[in-house]
*Asks:* 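Structure incoming, see below.
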Amino acid sequence: MTVVTRFAPSPTGYLHIGGARTALFSYLWARKNQGKFILRIEDTDQERSTPEMTQAILKAMEWLGLEYEELYFQSKRQEIHQEYIDKLVAEGKAYWCECSPEEVEQMRQEAMAKGLKPKYNGRCREKNLGPGPGRVVRLKAPLEGETSFVDLVKGKISVQNQELDDLILRRSDGTPTYNLAVVVDDLTMGITHVIRGDDHVNNTHRQILIYKALNAPIPQFAHVPMILGPDKKKLSKRHGALSVMVYKEMGFLPEALLNYLARLGWSYKDQEIFSKAELIEKFSLENLSKSPSVFDTEKLLWLNSHYIKESSRQRLAQLLLEFLQPEGFNPSLAYLEKIVPLYQPRAKTLKEMAEQMHFFLKEAKELDYDAKAVEKFLTPEVIPHLQKIREKIATLTNFEQKALENIFAAYLEENQLKFKVIAQPLRVALTGQTVSPGLFETMEVLGKEEVLNRLQRALELAT
RNA sequence: GUCCCCAUCGUCUAGUGGCCUAGGACGCCGGCCUCUCACGCCGGUAACAGGGGUUCAAAUCCCCUUGGGGACGCCA
């Protein structure tokens with residue numbers, strides 16, 4: 001049987017870190033088994049679902065590169081859901097209930113008071129009611145025995161049927177409830193493996209009851225533990241960025257996020273770095289961890305810097321444009337491609353990279369000079385040296401790193417100087433700041449004319 | 001409150017009864033490299049929650065305690 005997995009987000013919010021991870025696991029499992037990966041938008045909550053969020057989720061899936069074979073919208077499948085509800089009622093596996101939400105709430109209170117789990121007490125079970133205003137359809141769940149399943153990551157999970165109640169299948173407004181819709185959809189889409197968050201384990205037993213009432217085959221379940229914040233609480237907005245697309249805006253590469261997410265709750269021996277192909281090859285459900293994991297931005301940052309080093313300068317240059325343009329810079333790709341390699345070993349994010357390279361993108365006359373740096377390094381002692389060096393450089397015809405190094409070596413030799421003495425002053429003169437990539441590579445990228453202009457400007461500044 | 005699940009360094013994890021005086025990675029600390037900042041390289045710090053069993057042998061199996069997470073909707 002071919003493997004079919006699905007990711008079923010509800011468009012009541014953006015695609016968040018946790019969702020992205022279960023989507024990834026579902027995707028990997030399908031790919032590994034040459035199966036099918038389905039994206040199903042569970043937009044049945046008319047109140048809170050929006051088309052904008054649906055688009056946002058689709059975009060995020062695309063950015064992450066999680067391609068799916070089929071796309072469904074749950075809201076368009078209500079007739080199918082209804083068919084199954086009718087079938088259950090016809091077979092006596094479900095019944096109409098006239099209890100109002102207030103009455104049910106009271107039943108819950110009573111159960112709580114008795115130290116029991118809050119649940120519906122089954123009052124309309126045997127009333128044999130038909131449809132009517134305000135009425136819902138409930139599943140006639142077994143009163144005794146236990147329901148269990150073997151979770152692919154947690155092992156056997158059982159629950160006494162007394163703990164479960166007659167869950168609602170069809171709301172009084174005629175729409176199907178989540179549990180019914182999920183079961184019918186998973187069933188009709190031929191899902192073989194339901195990979196989802198830990199928070200669904202309790203629903204699983206209820207869903208299995210529906211499968212059984214329907215006499216349908218039950219898929220395999222794999223419940224992935226939650227992702228926690230640094231305080232070990234379920235990851236939420238107060239822990240910072242949650243949305244996948246915000247990570248994009250923060251300058252993360254999709255492969256870094258994917259790699260990080262994969263290793264969060266899953267492992268393959270001691271390996272840390274995985275390409276997508278490797279992930280597909282090595283992924284397995286049994287190596288998923290059973291316990292929740294804490295989201296660690298530091299490690300994500302490390303992976304991101306790793307992938308920045310691995311990426312081609314062309315790709316990074318292209319991506320950088322998105323960060324540079326809002327800042328008012330519009331460099332040519334060719335020029336950017338020359339700058340990028342100088343930052344690949346240094347930057348942890350694209351955003352950081354873009355910010356640090358500003359001085360490359362301005363002309364000498366509009367360059368910002370850090371006042372403190374100027375005061376500290378452009379001293380009367382070094383000015384003459386910079387002046388002479390500028391003259392030497394001006395004679396250079398091939399303005400390359402090697403040639404520049406030679407000029408400097410010669411000058412330092414003649415004057416019995418250490419490079420250290422003029423390095424920082426030179427840096428400040430060229431970049432306006434005290435931190436930058438190596439000076440020779442920086443000069444080569446800036447080009448002769450710009451270097452001469454900047455030295456000129458610095459010399460004027462210092463006097 | 002009731003039910004379900006979980007428990008190895010600060011964090012992500014390896015470990016599937018002897019190979020464990022517990023390995024890797026991030027972070028942190030120190031050193032090397034060095035024109036600044038990084039990168040890189042080398043080294044270090046640091047964990048089997050506690051208590052009972054089972055066994056010749058337990059991080060690994062069982063029980064209890066503690067701690068943590070999740071779920072109890074006409075939300076998904």
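Each chain gets a letter, A, B and so on, in the order the sequences are listed, and its residues count up from 1.
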*Asks:* Between A:Glu103 and A:Arg123, is the closest basic N to carboxylate O distance under 4.0 Å?
*Replies:*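 Counted as a salt bridge, because a side-chain N and a carboxylate O are separated by less than 4.0 Å.
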
*Asks:* Would A:Arg263 and A:Glu278 pass as an ion pair if we require N to O under 4.0 Å?
*Replies:*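 So A:Arg263 does not pair with A:Glu278 through a salt bridge.
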
*Asks:* Can you tell which of B:C12, B:C72, B:G70 lies closest to the side chain of A:Ser293?
*Replies:*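 My answer, after comparing the listed nucleotides, is B:C12.
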
*Asks:* Could you measure between the two P atoms, the one in B:A59 and the one in B:A22, and give it in whole Å?
*Replies:*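 About 11 Å, rounded to a whole number of Å.
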
*Asks:* Just label B:C63 as syn or anti from its O4'-C1'-N9-C4 or O4'-C1'-N1-C2 angle, using within 90° of 0 for syn.
*Replies:*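 Anti, which is what one calls it when the glycosidic angle falls more than 90° from 0.
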
*Asks:* Side-chain N or O of A:Ser267 less than 4.0 angstrom from OP1 or OP2 on B:C12?
*Replies:*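 No, A:Ser267 has no side-chain N/O under 4.0 Å of OP1/OP2 on B:C12.
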
*Asks:* Are A:Glu98 and A:Lys127 close enough for a salt bridge, meaning some N to O gap below 4.0 Å?
*Replies:*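 Yes, charged N to carboxylate O under 4.0 Å.
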
*Asks:* Rounded to whole angstrom units, what separation is found between the CH2 atom of A:Trp96 and the P atom of B:C74?
*Replies:*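 Spelled out: CH2 on A:Trp96 to P on B:C74 is 15 Å.
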
*Asks:* Below 4.0 angstrom from OP1 or OP2 of B:G70, is there any side-chain N or O of A:Arg196?
*Replies:*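 A:Arg196 to B:G70 OP1/OP2: no side-chain N or O under 4.0 Å.
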
*Asks:* When only distance counts, do a donor and an acceptor, one from the side chain of A:Lys299 and one from the base of B:C12, lie under 3.5 Å apart?
*Replies:*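 When only heavy-atom distances are counted, A:Lys299 does reach the base of B:C12 through a donor-acceptor pair under 3.5 Å.
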
*Asks:* A:Cys99 near the nucleic acid: base, sugar-phosphate alone, or nothing, with a heavy-atom cut-off under 4.0 Å?
*Replies:*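 Here A:Cys99 touches the bases of the nucleic acid.
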
*Asks:* Counting heavy atoms from C-beta on, name the nucleotide in B:A76, B:C12, B:G1 closest to the side chain of A:Met112.
*Replies:*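 Closest nucleotide to the A:Met112 side chain: B:G1.
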
*Asks:* How many Å lie between CD on A:Glu286 and P on B:A14, as a whole number?
*Replies:*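 My rounded result for the distance is 12 Å.
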
*Asks:* Contact class for A:Ser172 vs. all strands (heavy atom < 4.0 Å): base, sugar-phosphate, or nothing?
*Replies:*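 Result for A:Ser172 = base.
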
*Asks:* Would you indicate what A:Asp165 reaches in the nucleic acid, counting non-hydrogen atoms under 4.0 angstrom: base, sugar-phosphate, or nothing?
*Replies:*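 Contact class for A:Asp165: none.
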
*Asks:* Could you tell me the separation between the CD1 atom of A:Ile422 and the P atom of B:C35, rounded to a whole number of Å?
*Replies:*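 Result: 11 Å.
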
*Asks:* Whole angstroms only, please: what is the CZ-P distance between A:Arg263 and B:U11?
*Replies:*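 My rounded result for the distance is 15 Å.
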
*Asks:* Can you give one letter per nucleotide of nucleotides 36-41 of chain B, 5' to 3': B if a protein heavy atom sits under 4.0 Å from the base, S if only from the sugar-phosphate, - if neither?
*Replies:* BBBS--

*Asks:* Could you tell me how far apart A:Leu164 (CG) and B:G73 (P) are, to the nearest whole angstrom?
*Replies:*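 Rounded to whole Å, this separation is 11 Å.
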
*Asks:* Does the B:G70 base have a donor-acceptor partner in the side chain of A:Asp198 within less than 3.5 Å?
*Replies:*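 Under the 3.5 Å cut-off, the side chain and the base do not form any donor-acceptor pair.
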
*Asks:* Figure out the CG/C1' separation between A:Leu264 and B:C12, and round it to whole Å.
*Replies:*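 Atom-to-atom, A:Leu264 to B:C12, this comes out as 7 Å.
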
*Asks:* How far, in whole Å, is B:A57 from B:A47 if one measures between their P atoms?
*Replies:*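 Each nucleotide's P atom is 26 Å from the other's.
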
*Asks:* Pick the P atom in B:C62 and in B:C6, then give their distance to the nearest Å.
*Replies:*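 After rounding to an integer number of Å, I get 11 Å for this pair.
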
*Asks:* Tell me what A:Glu272 touches on the nucleic acid: a base, only sugar-phosphate, or nothing, going by heavy atoms under 4.0 Å.
*Replies:*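 Base, at least one base heavy atom under 4.0 Å.
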
*Asks:* Between B:A58 and B:U21, how many Å separate the two P atoms, rounded to a whole number?
*Replies:*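 That atom pair is separated by 12 Å.
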
*Asks:* Is the cationic atom of A:Arg77 (NZ for Lys, CZ for Arg) positioned less than 6.0 Å from the six-membered ring centroid of A:Tyr72 and within 45 degrees of its normal?
*Replies:*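 Judged by the rule (NZ or CZ under 6.0 Å from the ring centre, within 45° of its axis), A:Arg77 counts as positioned above A:Tyr72.
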
*Asks:* Return the nearest nucleotide to the side chain of A:Asn202; candidates are B:U11, B:A14, B:C4.
*Replies:*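 Within the option list, the nearest is B:C4.
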
*Asks:* Pick the nucleotide of RNA chain B nearest each of A:Val201 and A:Gln74; which residue has the one closer to the 5' end?
*Replies:*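 That would be A:Val201.
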
*Asks:* Which is true for A:Ser49 with a 4.0 Å heavy-atom rule: it touches a base, it touches only sugar-phosphate, or it touches nothing?
*Replies:*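 It contacts nothing in the nucleic acid.
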
*Asks:* Using the C1' atom as the point on both nucleotides, what is the distance between B:G53 and B:U60, in whole Å?
*Replies:*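 Each nucleotide's C1' atom is 15 Å from the other's.
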
*Asks:* How is A:Phe440 classified with respect to the nucleic acid when contacts are heavy atoms under 4.0 Å: base, sugar-phosphate, or nothing?
*Replies:*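 Base, at least one base heavy atom under 4.0 Å.
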
*Asks:* Between A:Lys338 and A:Glu444, is there a salt bridge with N-O shorter than 4.0 Å?
*Replies:*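 No, no charged N to carboxylate O under 4.0 Å.
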
*Asks:* Which part of the nucleic acid, if any, lies within contact of A:Thr175, taking any heavy atom under 4.0 Å across all strands shown: a base, the sugar-phosphate backbone alone, or nothing?
*Replies:*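 Nothing: the residue A:Thr175, judged by heavy atoms under 4.0 Å, touches no strand.
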
*Asks:* Among B:A76, B:C72, B:C4, find the nucleotide with the atom closest to the side chain of A:Glu42.
*Replies:*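 From the listed options, B:A76 comes nearest.
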
*Asks:* Check this for me, if you would: do A:Lys154 and A:Asp198 make a salt bridge, where the nitrogen-to-carboxylate-oxygen distance has to be below 4.0 angstrom?
*Replies:*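 A:Asp198 and A:Lys154: salt-bridged.
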
*Asks:* Describe the nucleic acid contact of A:Val136 in one word from base, sugar-phosphate, nothing, applying a heavy-atom distance below 4.0 Å.
*Replies:*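 A:Val136: base contact, heavy atoms under 4.0 Å.
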
*Asks:* Using the C1' atom on both, measure B:C48 against B:C35 and round to a whole Å.
*Replies:*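 Comparing C1' positions in B:C48 and B:C35 gives a spacing of 48 Å.
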
*Asks:* Quick check for you: among B:G10, B:C72, B:A76, whose closest atom lies nearest to any side-chain atom of A:Asn203?
*Replies:*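 The listed nucleotide nearest to A:Asn203's side chain is B:A76.
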
*Asks:* Check the orientation of A:Trp302 and A:His306. Use parallel for under 30°, tilted for 30 to 60°, and perpendicular for over 60°.
*Replies:*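 Tilted.
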
*Asks:* Please work out if A:His200 contacts a base, only the sugar-phosphate, or nothing of the nucleic acid, heavy-atom cut-off 4.0 Å.
*Replies:*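 Counting heavy atoms under 4.0 Å across all strands, the contact made by A:His200 includes a base.
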
*Asks:* Is the shortest side-chain N to carboxylate O distance from A:Glu414 to A:Lys392 below 4.0 Å?
*Replies:*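 Between A:Lys392 and A:Glu414 there is a salt bridge, with a charged N closer than 4.0 Å to a carboxylate O.
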
*Asks:* Could you measure between the two P atoms, the one in B:G24 and the one in B:G43, and give it in whole Å?
*Replies:*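 About 10 Å, rounded to a whole number of Å.
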
*Asks:* Check the phosphate of B:G68 against A:Ser291, side-chain N and O only, distance under 4.0 Å to OP1 or OP2. Yes or no?
*Replies:*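 The answer is no; no side-chain N or O of A:Ser291 sits under 4.0 Å from OP1 or OP2.
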
*Asks:* For the side chain of A:Lys290, counting heavy atoms from C-beta on, which of B:C72, B:C6, B:U11 is nearest?
*Replies:*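 Within the option list, the nearest is B:C6.
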
*Asks:* Check this for me, if you would: do A:Asp166 and A:Lys119 make a salt bridge, where the nitrogen-to-carboxylate-oxygen distance has to be below 4.0 angstrom?
*Replies:*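 No, no charged N to carboxylate O under 4.0 Å.
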
*Asks:* Do A:Arg108 and A:Tyr120 form a cation-pi contact, if we require the NZ or CZ to be under 6.0 Å from the six-membered ring centre and within 45 degrees of the ring's axis?
*Replies:*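 Not satisfied by the 6.0 Å and 45° rule.
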
*Asks:* Rounding to an integer number of angstrom, what distance separates B:G10 and B:C72 when you compare their P atoms?
*Replies:*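 Taking atom P in both B:G10 and B:C72, they lie 33 Å apart.
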
*Asks:* Strictly below 4.0 Å: does A:Arg108 bring a side-chain N or O up to OP1 or OP2 of B:G73?
*Replies:*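 Yes, A:Arg108 has a side-chain N/O under 4.0 Å of OP1/OP2 on B:G73.
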
*Asks:* Please find out if less than 6.0 Å separates the ring center of A:Phe440 from that of A:Phe408.
*Replies:*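 Yes, they do, as the ring centres are separated by less than 6.0 Å.
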
*Asks:* What's the CD1-P distance between A:Ile168 and B:C72, to the nearest Å?
*Replies:*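 Result: 13 Å.
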
*Asks:* To the nearest Å, how far apart are A:Asn161 CG and B:C72 P?
*Replies:*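 In whole Å, B:C72 P and A:Asn161 CG are 18 Å from each other.
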
*Asks:* When we call it a touch if two heavy atoms are under 4.0 Å apart, what does A:Gly197 touch: a base, just sugar-phosphate, or nothing?
*Replies:*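 No contact.
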
